[in-house]
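A quick note: this is a predicted structure, and the numbers were derived from the prediction, not measured. Per chain, numbering begins at 1; letters A, B, ... match sequence-line order.
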Protein chains: 2
Amino acid sequence: MNLENTKAQMRKGILEYCILAMLKQQEAYASELIRGLKEQRLLVVEGTIYPLLTRLKNDGLLTYRWEESTSGPPRKYYMITPLGRDFLGELHKSWQELTAAVNELTTLD
Amino acid sequence: MNLENTKAQMRKGILEYCILAMLKQQEAYASELIRGLKEQRLLVVEGTIYPLLTRLKNDGLLTYRWEESTSGPPRKYYMITPLGRDFLGELHKSWQELTAAVNELTTLD
DNA sequence: AAATAGTACTAGGTATTGCATAGTACTATT
DNA sequence: AATAGTACTATGCAATACCTAGTACTATTT
């Protein structure tokens with residue numbers, strides 16, 4: 001049983017919640033999101049973030065615009081949509097319920 | 001984007017943490033575990049729990065014994081091993097870190 | 001006694017997503 | 001021109017929650 005693997009499994013479903021929340025506060029491009037997550041020691045790689053952003057965009061939760069960069073290739077800035085905000089609210093509720101349940105079950109004597 | 005699907009994804013990696021914690025408190029057989037989880041509104045089905053218990057057993061984190069039942073088929077009671085207790089400690093730490101990170105990233109203004 | 005219901009466990013296949021990897025492209029620096 | 005840093009796209013894999021089908025045991029009903 002591999003701890004790193006279990007941690008990766010734990011991240012499934014949670015990352016989109018984090019991404020939507022971050023973008024609700026401020027638009028950003030992929031690398032900024034990766035950096036923001038890394039600051040909280042949520043290490044996420046490109047192979048994860050790009051497909052995730054694309055899925056959220058395809059589902060209408062995000063939208064984006066291109067912006068030339070003065071120091072490298074152009075960047076794709078993502079913004080949350082009103083639908084994305086609604087969904088984020090649902091995810092917030094689900095997360096609260098999940099953590100409450102888990103903490104109840106795992107409280108050590 | 002399907003909320004139910006996202007909730008199922010969120011459960012990945014978390015269920016083994018819950019199961020280990022429950023079994024640390026008291027040995028149990030599958031249906032008891034399902035009931036315990038259901039009380040906390042963590043709905044888990046047989047197709048999930050049995051393979052999960054088998055995986056944990058194969059990795060040495062659980063052990064089991066058969067017990068005849070007076071009201072139906074025999075039951076497989078699972079118990080946590082010392083290795084399982086160690087791993088549970090690691091999972092506890094991982095969970096704390098993950099929730100802290102997520103809450104930091106998703107705190108609404 | 002046979003059929004049905006409730007209960008417990010096993011096995012196989014599917015969908016989804018984080019991750020690894022390969023590749024393209026833009027700009028700055030060497 | 002080559003290299004480095006940066007940003008994005010595409011593809012395939014591993015793992016796990018879940019769905020479904022099936023076997024088996026005991027109690028209850030027909």
For residues 29-38 of chain B, dump all side-chain donor-acceptor pairs below 3.5 Å to protein atoms at least two apart in sequence or in another chain.
unit_1, atom_1, unit_2, atom_2, d
B/Tyr29, OH, B/Arg35, NH2, 3.4
B/Tyr29, OH, B/Arg75, NE, 3.4
B/Tyr29, OH, B/Arg75, NH2, 3.4
B/Glu32, OE1, B/Tyr29, N, 3.2

Which heavy-atom pair separates B/Gln25 from A/Thr107 by the least distance, and what is that distance?
->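 Closest heavy-atom pair between B/Gln25 and A/Thr107: NE2-O, 3.3 Å.
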What is the distance, to the nearest angstrom, from the [atom1] atom on [X] to the [atom2] atom on [N]?
| X | N | atom1 | atom2 | result |
| --- | --- | --- | --- | --- |
| B/Ile14 | D/dT16 | CD1 | C1' | 12 Å |
| A/Arg11 | C/dT16 | CZ | C1' | 16 Å |
| B/Gln9 | D/dC18 | CD | P | 9 Å |
| B/Leu52 | C/dA11 | CG | C1' | 16 Å |
| A/Glu16 | C/dC19 | CD | P | 14 Å |
| B/Leu33 | D/dA17 | CG | P | 14 Å |
| A/Lys38 | D/dT6 | NZ | P | 11 Å |
| A/Met10 | D/dA17 | CE | C1' | 15 Å |

Evaluation steps, side chain to side chain contact (heavy atoms under 4.5 Å, CB included), between A/Thr63 and A/Tyr78 | CA-CA 6 Å; A/Thr63 186; A/Tyr78 285 90; over 6 Å; no
How does DNA chain C look in dot-bracket notation if pairs are Watson-Crick or G-U with both distances under 3.5 Å, crossing ones as [ ], other-strand ones as |?
-> ||||||||||||||||||||||||||||||
Phosphate OP1/OP2 of [N] contacted by [X] side-chain N/O (<4.0 Å):
| X | N | answer |
| --- | --- | --- |
| B/Arg55 | D/dA14 | no |
| A/Ser71 | C/dA28 | no |
| A/Asn5 | C/dC19 | no |

[atom1] of [X] to [atom2] of [Y]: how many Å apart, nearest 0.5 Å?
| X | Y | atom1 | atom2 | answer |
| --- | --- | --- | --- | --- |
| B/Cys18 | A/Asn103 | SG | CG | 9.0 Å |
| A/Leu62 | A/Leu20 | CG | CG | 5.5 Å |
| A/Leu83 | A/Arg85 | CG | CZ | 12.0 Å |

Could you check whether any side-chain N or O of [X] sits under 3.5 Å from a backbone N or O of [Y], counting only pairs where one atom can act as donor and the other as acceptor?
| X | Y | result |
| --- | --- | --- |
| A/Thr106 | A/Val102 | yes |
| B/Thr6 | A/Gly13 | no |
| A/Thr48 | A/Val44 | no |

Should we say atom CD of B/Gln26 is surrounded by more than 12 heavy atoms from elsewhere, each under 6.0 Å from it?
->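 Not more than 12 within 6.0 Å, no.
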Taking N and O atoms by type only, does the side chain of A/Lys12 place a donor or acceptor under 3.5 Å from a partner on the base of C/dT16?
->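 When only heavy-atom distances are counted, A/Lys12 does not reach the base of C/dT16 through any donor-acceptor pair under 3.5 Å.
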Specify the residue among A/Val44 and A/Glu68 whose closest nucleotide of DNA chain C lies further upstream toward the 5′ end.
->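 It is A/Val44, whose closest nucleotide lies nearer the 5' terminus.
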All salt bridge (Lys or Arg N to Asp or Glu O under 4.0 Å) counterparts of A/Glu4, not counting sequence neighbours |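 Expected list: A/Lys7.
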Quick one: list whatever passes salt bridge (Lys or Arg N to Asp or Glu O under 4.0 Å) with B/Arg65, sequence neighbours left out.
->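 With sequence neighbours excluded, B/Arg65 shows a salt bridge (Lys or Arg N to Asp or Glu O under 4.0 Å) to B/Glu27, B/Glu67, given in chain and number order.
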Report all interatomic pairs (protein N or O, nucleotide N or O of nucleotides 7-13 of chain D) with separations under 3.5 Å.
unit_1, atom_1, unit_2, atom_2, d
D/dA7, OP1, A/Tyr29, OH, 2.4
D/dA7, OP1, A/Arg75, NE, 3.1
D/dA7, OP1, A/Arg75, NH2, 3.0
D/dA7, OP2, A/Ser31, OG, 3.1
D/dC8, OP1, A/Lys76, N, 2.5
D/dC8, OP2, A/Tyr50, OH, 2.9
D/dT9, OP1, A/Lys76, NZ, 2.4

Close residues, residues 97-105 of chain B, relative to DNA chain D [heavy-atom separation under 4.0 Å] |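 Nucleic-acid contacts, sorted: none.
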